[in-house]
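Encoded as C-alpha cells, the structure appears first; notes follow it.
We name chains A, B, ... by the order of the sequence lines, and we start the count at 1 in each one.
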Number of protein chains: 4
Amino acid sequence: MARAKDENKRSIILHSAKMLFAQNGFFNTSISDIVKETNLPVGSIYTYFTNKEEIVRVIVEEGWNELRARLFDTMGSKESGEVKLKKLIDNFIPEILNDLDLINILLSEAIKYTKIEEKVEELSTAIFGLVQSVAKDKKILEGFDKSSMEAALIVYFLGIFNAVKLVRSSSVGIKVQDILKFVKITVEKSLGITL
Amino acid sequence: MARAKDENKRSIILHSAKMLFAQNGFFNTSISDIVKETNLPVGSIYTYFTNKEEIVRVIVEEGWNELRARLFDTMGSKESGEVKLKKLIDNFIPEILNDLDLINILLSEAIKYTKIEEKVEELSTAIFGLVQSVAKDKKILEGFDKSSMEAALIVYFLGIFNAVKLVRSSSVGIKVQDILKFVKITVEKSLGITL
Amino acid sequence: MARAKDENKRSIILHSAKMLFAQNGFFNTSISDIVKETNLPVGSIYTYFTNKEEIVRVIVEEGWNELRARLFDTMGSKESGEVKLKKLIDNFIPEILNDLDLINILLSEAIKYTKIEEKVEELSTAIFGLVQSVAKDKKILEGFDKSSMEAALIVYFLGIFNAVKLVRSSSVGIKVQDILKFVKITVEKSLGITL
Amino acid sequence: MARAKDENKRSIILHSAKMLFAQNGFFNTSISDIVKETNLPVGSIYTYFTNKEEIVRVIVEEGWNELRARLFDTMGSKESGEVKLKKLIDNFIPEILNDLDLINILLSEAIKYTKIEEKVEELSTAIFGLVQSVAKDKKILEGFDKSSMEAALIVYFLGIFNAVKLVRSSSVGIKVQDILKFVKITVEKSLGITL
DNA sequence: AATGAATGAGTCTTCATTCAT
DNA sequence: TATGAATGAAGACTCATTCAT
C-alpha cells in the first residue's frame, strides 16, 4: 500500500506542476510554488524527481505517450480511412486542444527536453499512410512525397497548436472553432472528399 | 553638452541580447551575460534600457516594424497580385526565415510583450486582399470568410515559423526547403494558379 | 522532522542587527553587514525574516513589548502611587536608558514601522492615572486635562530619550545623570511631593 | 549677473533638497530625485556642492544660523525678561515649528553632520540668563545649576520638536496646540509668573 | 562653466538543491 | 523515508560621482 501512496504523491506533483508550468511558464514557476500548490514538503519533490527539469521532462513524455496511445487507438481500428480521418478531425484534435496545459508546455519546453524528431517521424508516417489511403484522386497527392508530407504535417500541427494557444491567450479576433473549421475544409479540399 | 547617447551602443546591446535571447531564451540569459557579450559596463545597459524586459520588448517591436515595412513595400507595389504573391513566397518568407533569432524571440516572447492581435489583424487584412485579387476561380474561396482567412493565415504563419524553428534546432528529417516547397504548392493548388 | 527553526539563530540575527542599526542607522547597515557580524550565510537571514524591514520591525516590536511588560509590572504592584513613581524614576527610566540601541532605533524607525499612537495612548493613560493618584494637592493638576497630560508625557519621554541619545553620541556638556536629576526634581516640584 | 544666476541655482537645490530630505529622509532621497525636482542637470548639483552629504550639512547649518539669528534678535532687545520670554514662547517657538522640514532634518541628520554641542551650549547659556532674570522667587531655581538648566533645555527642546514631528506624522491623539499650551503652563508654573 | 552619459561596486533578494534530523 | 532548515552563487538593478564633450 505504501506503493499506492507514492504513486499518488508523484501524480499530485506532476498535476500541479503541469498546471503551473502551463500557466506561468517553466522559469516563472519555482519549486516553492509547486510545494505550495501540492502542500507537500520540498524534500518530497526531490524524492520523486531528481530536479526541476525532470519534472517537465516527465510531463512532456507522459503527456505525449497518452496522446500517442489515443491516436493509434483511433488509427488502428478496422474502420475505413475516411472514418478514421473524420474521427481524427472531429474528435482527436478537439480533444487534444482541451489539454491546453500540455500543449503549452509541449510547445515551449518540449524541444529542449525531448527527442522531438522521433515523435514527429512516428506521427507523420502514420498520417501519411492514412492520407494516401483516403485520397480519392491520386493525382491530388502528386508531387507530395514523404518530405512534403512531413513538412505539411509539421506546419499544420505546429500551426494549429500555436494558433489555439494564441487565441486563448490574446484577444485575437478568431475563435478555436474557426481554426477547426479551417482545418476540416482544407483537408476536404486537399483530398477531394467530404467528411 | 556632455556626451550624446550613443546609438551605436544601443544597437550593440540590442544585437547581443537578440542573439543571446534567441540562443538561450529570455530566462536563461542574464544581464550579466549581455554585459560579457557586449563588453559594456552593467550601468550602460541601464542607460539605454530601463530593464531586462524592455530589451526584449524593443527587439520584438523593432524587429516587427522592419518586417512589416518590408512586407508592405512588397505589397504596395504597382505589380499584379500574382507577382506580389510570388515575391511574398519566393523572397519575403525566405528572407524572414533568415532572421531566426527574431523568429525565436517573436514566437516565445511576443505574446507576452506586445499587442499581438493588432499585428495579426493588420497582416491578415493585407493578405486577404491580395489573395482575393489573385484567386482565378472565385469559387475557390467560397466559404472562406474573413475569419477563416484569418485562421488560415495564423495557422500557416505560426506553422511555418515554428516548423523552421524546429527544423533548425532539432534533427527532424526535413529541411527548410521542404517547408518552403510545401507552402508554394499549397498556395498554387488553393488558388488554382501557377507562380 | 528535519531541523527545527533555530531560535538561537533568530536571536543572534536580531541582536547583531539591533546593534548595527543603532550604531549606523537602518540605511547604513546592509544585509551583508549583518551577515559578517553574525557569521551566518545570507540565506539564513532570509529563513528567519522575510526582508530587511521585517528585522527592524521585529526589533521595535519585541523591544517595545519587553519595555511595556516591565512598566506594567512596576505599575501593577500593590504599592502606593508614590512608591511606584519612585520606582519609575529611579529604576525604570535608568533601565530603559541602558538599552540605548533600542532607543536609537525606536526614535528613528519606530514611527515608520509601528502604530506608535496606540503605544503612546496606552502609556499615557497608565501614567496619567498614577500621577493623579499621587498629586498631593489636587490643585496642582488644575488645568491639566488628558490632552495636556498626553502632551506632557510625549514631550518628556521624547525629550529624555533624545537627550540621552544626544549626550551619548556627541560631546555635549551634560551627563545622563543631569538628565535624570532634572526629571526627578521636575516631578517632585510638579506634584509637590518628595520621592 | 552670472553671480546672481549662480546663487539662484544654489538656493533652488537647497530648497528642493530640504523638502525632499524632510519628506522622504536623507537615504530615500537620491541625487536623481533632486535633479528631477530642480530640473537642473546632475552636473550642476556637483558644481555647487561637493557631494550629497554637503547638501544636508549646508541645509542644517544655514537653517540653524537663521534660527539663531532670529532668537538673538528677540533676546537682545531692550525689553524686560518677561516680555522676551513671552515672545519666545508665543512667537519664536511657533515660528520654528512652521519650518517642519528643517526640524525633521535637524533631528535626524544634524547630530551626524554638525557640531551640535556648540549650538546647544550657546542656546542654553542665553536662555539660562533669561530665565534667571525672570524667576520671581529665586528659591524657585534652587538646585538648578547650569547643568540642570542645560539638561532641562535639551529635554524640552528635543521633546517639543520630536513631539511636534510625531504629532504631524502619526495620528497620535494630541495637537500642536496642546504641546504649546503645555509648554506655556510649565514655564509659568516653574517660574511663578504669568505670561 | 555646463552637461548628462558612463561607471561598477554594492544593494537586496531568490531559489534549486542538499543534508541533518 | 520524510522533512524543511540551510546554503551561497547568482540575479536584476541602483546610484553617487566622474569626466568627456
Side-chain angles (χ1 to χ4, degrees), chain A residues 2-3 5-6 9 26-36 39-55, chain B residues 1-10 26-35 39-55, chain C residues 1-10 26-35 39-55, chain D residues 2-3 5-6 9 26-36 39-55:
Chain A
R3 180 82 184 148
K5 195 178 169 197
D6 290 357
K9 273 187 198 167
F26 180 74
F27 292 103
N28 283 318
T29 300
S30 65
I31 291 291
S32 143
D33 290 334
I34 299 176
V35 162
K36 275 169 215 145
N39 274 323
L40 251 33
V42 215
S44 282
I45 309 289
Y46 285 87
T47 308
Y48 295 95
F49 301 91
T50 58
N51 54 34
K52 194 182 166 188
E53 208 173 295
E54 209 211 9
I55 301 178
Chain B
M1 211 209 301
R3 273 159 284 190
K5 252 183 196 163
D6 190 338
E7 202 49 48
N8 194 34
K9 271 185 201 162
R10 198 188 112 103
F26 181 74
F27 292 104
N28 279 318
T29 302
S30 68
I31 290 292
S32 143
D33 289 336
I34 299 177
V35 163
N39 273 324
L40 251 35
V42 214
S44 283
I45 307 292
Y46 287 89
T47 32
Y48 290 93
F49 301 92
T50 55
N51 54 33
K52 193 182 164 188
E53 205 173 298
E54 209 211 11
I55 301 178
Chain C
M1 210 208 302
R3 273 158 283 189
K5 252 181 196 163
D6 190 338
E7 202 48 48
N8 194 35
K9 270 185 201 163
R10 199 188 110 102
F26 180 75
F27 292 104
N28 280 318
T29 301
S30 67
I31 291 291
S32 143
D33 290 335
I34 298 177
V35 163
N39 272 324
L40 251 33
V42 215
S44 283
I45 308 292
Y46 286 88
T47 29
Y48 290 93
F49 301 92
T50 54
N51 54 34
K52 193 183 164 188
E53 205 174 298
E54 209 211 10
I55 302 179
Chain D
R3 180 81 182 148
K5 195 178 168 196
D6 289 358
K9 274 187 198 167
F26 180 74
F27 292 103
N28 282 318
T29 301
S30 65
I31 291 291
S32 143
D33 289 335
I34 299 176
V35 163
K36 276 170 214 145
N39 274 324
L40 252 33
V42 215
S44 282
I45 309 289
Y46 286 86
T47 308
Y48 294 96
F49 303 90
T50 57
N51 54 33
K52 195 182 166 188
E53 208 173 294
E54 209 211 10
I55 301 179

Residue list, side chain to side chain donor-acceptor pair (under 3.5 Å) with K9(C), at least two apart or on another chain: none
For Y46(D), give me all partners under ring-ring contact (aromatic ring centres under 6.0 Å, His included), at least two apart in sequence or on another chain. none
Taking every non-hydrogen atom, the tightest pair across V42(D) and V35(D): CA-CG2, 3.7 Å
Take atom CZ of R3(B) and atom P of dA2(E), then tell me their distance rounded to the nearest Å. 18 Å
Between Y48(B) (side chain only) and D6(B) (backbone N and O only), is there a donor and an acceptor less than 3.5 Å apart? yes
Strictly below 4.0 Å: does S44(A) bring a side-chain N or O up to OP1 or OP2 of dA2(F)? no
Please give, in whole Å, the distance from dA16(E) P to N28(A) CG? 11 Å
Residues that T47(A) engages under side-chain contact (heavy atoms from CB on, under 4.5 Å), provided they are two or more places apart: none
Those residues at least two apart in sequence (or on a different chain) that pass side-chain contact (heavy atoms from CB on, under 4.5 Å) with T29(C) are L20(C), F21(C), N24(C), D33(C), I34(C)
Test salt bridge (Lys or Arg N to Asp or Glu O under 4.0 Å) applied to E53(C) - qualifying residues, sequence neighbours left out: R57(C)
Separation of dA2(F) P from L40(A) CG (nearest whole Å): 10 Å
Distance from I45(D) atom CD1 to N51(D) atom CG, nearest 0.5 Å? 12.5 Å
In whole Å, I'd like the distance from the CG atom of N8(B) to the P atom of dA5(E). 16 Å
Interatomic distance, I34(C) CD1 vs dT13(E) C1' [rounded to whole Å]: 13 Å
In this structure, how many angstroms lie between the P atom of dC15(E) and the CD1 atom of I45(C), rounded? 18 Å
Please confirm whether the shortest side-chain N or O distance from T47(A) to OP1 or OP2 of dT1(F) is below 4.0 Å. no
On the nucleotide dA6(F), are OP1 or OP2 found under 4.0 Å from the side-chain N or O atoms that Y48(C) carries? yes
Interatomic distance where CG belongs to N39(B) and C1' belongs to dA6(E) [whole Å]: 15 Å
Rounded to whole angstroms, how far apart are CG on D6(C) and P on dT7(F)? 10 Å
What residues form a side chain to side chain donor-acceptor pair (under 3.5 Å) with K5(C), not counting sequence neighbours? none
Stems in DNA chain F, runs of 3 or more consecutive Watson-Crick or G-U wobble pairs with both distances under 3.5 Å, sorted by first number, are E:2-21 with F:2-21
Per-nucleotide protein contact string for nucleotides 10-17 of chain F, where B marks a base within reach and S marks sugar-phosphate only (heavy atoms under 4.0 Å, - for neither): -SSBB-SB
Establish, with yes or no, whether the OP1 or OP2 oxygen of dA2(F) is under 4.0 angstrom from a side-chain nitrogen or oxygen of K9(A). yes
